[in-house]
Amino acid sequence: MSQVIEYSEKVMDHFTNPRNVGEIEEASGVGTVGNAKCGDIMRIYLDIENDIIKDAKFKTFGCGAAVATSSMATELIIGKTVKEALLVTNKAVMEALDGLPPVKVHCSLLAEEAIHAALWDYAQKNNIEIDGLKPPVEDIDETEEFYAMEGE
Ligand code: FES
């Protein structure tokens with residue numbers, strides 16, 4: 001029996017009309033993460049100037065929820081400081097999208113982790129430490145259960 005998954009209007013909007021798709025040449029930081037279980041991959045590019053995220057772009061090879069969360073995540077972090085961007089969790093992205101079905105919570109993790117990976121790359125390139133930023137995980141599947149529980 002197939003199960004019908006309902007998405008919010010915002011999710012559908014960001015999926016059919018995603019914001020900030022593309023890449024940034026000579027980006028300040030680039031982060032790529034994937035989920036080995038579903039095979040989806042997300043890459044986020046950041047342009048950072050004087051500690052402010054001037055621009056963010058993404059490329060997502062993944063499901064509709066992953067596209068919508070990447071789109072919303074880039075919208076949320078543009079204009080923020082590095083520290084503020086670090087606080088944009090998968091939960092915040094889901095809230096901004098008016099929620100995601102439970103089976104799709106893991107998709108929003110790609111967005112959070114891709115932002116962290118891009119910030120990590122920026123920190124490495126500039127030889128700085130960002131308080132509270134942990135080394136990125138390449139496969140978010142490892143952390144999925146923990147985050148899925150937290151996101152409930
Ligand atoms: Fe893999 Fe959504 S199913 S990110």
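One-based numbering, in listed order, for ligands and for the atoms of each.
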Decide whether the shortest distance between a heavy atom of [X] and an atom of ligand 1 is less than 4.0 Å.
{"X": "Leu110", "value": "yes"}
{"X": "Lys37", "value": "no"}
{"X": "Lys104", "value": "yes"}

Indicate if the distance from atom 2 (Fe) of ligand 1 to the nearest N, O or S atom of His106 falls below 2.8 Å.
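Coordinating: no.
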For atom 1 (Fe) of ligand 1: the N/O/S atom of Asp40 at shortest distance
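Answer by atom name: OD2.
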Are Asn20 and Thr74 close enough that a side-chain donor and a side-chain acceptor fall under 3.5 Å?
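Per modelled atom types, Asn20 and Thr74 side chains form a pair under 3.5 Å.
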Give a yes or no on this: more than 12 heavy atoms of other residues, nucleotides or ligands lie within 6.0 Å of atom NZ of Lys125.
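Yes, enclosed.
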Flag if over 12 foreign heavy atoms under 6.0 Å of CG, Asp131
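Atom CG in Asp131 is not packed in, count stays at 12 or less.
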Going by the atom numbers of ligand 1, which of them fall below 4.0 Å from some non-hydrogen atom of Cys63?
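Ligand 1 atoms under the 4.0 Å threshold to Cys63: 2 (Fe), 3 (S), 4 (S).
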Atoms of ligand 1 less than 4.0 Å from Cys107 heavy atoms?
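Heavy-atom distances to Cys107 below 4.0 Å select 2 (Fe), 3 (S), 4 (S).
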Checking only N/O/S atoms, does Cys38 have one that is under 2.8 Å from atom 1 (Fe) of ligand 1?
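So Cys38 does bind atom 1 (Fe) of ligand 1 by this criterion.
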Do any N or O atoms from the side chain of Thr69 and from the backbone of Ala65 form a donor-acceptor pair under 3.5 angstrom?
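It does hold such a pair.
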Do Asn50 side-chain atoms and Ile52 backbone N/O form a donor-acceptor pair below 3.5 Å?
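No, because the side chain of Asn50 does not come within donor-acceptor range (under 3.5 Å) of the backbone of Ile52.
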Approximate separation, where rounding is to 0.5 Å, of Met42 CE and Glu113 CD
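The distance works out to 10.5 Å.
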For the residue pair Ile48 and Asn126, establish whether any side-chain heavy-atom pair is separated by less than 4.5 Å.
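Ile48 does not reach Asn126 side chain to side chain.
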Contact partition for Ala65 relative to ligand 1, non-hydrogen atoms under 4.0 Å
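No part of Ala65 comes within reach of ligand 1.
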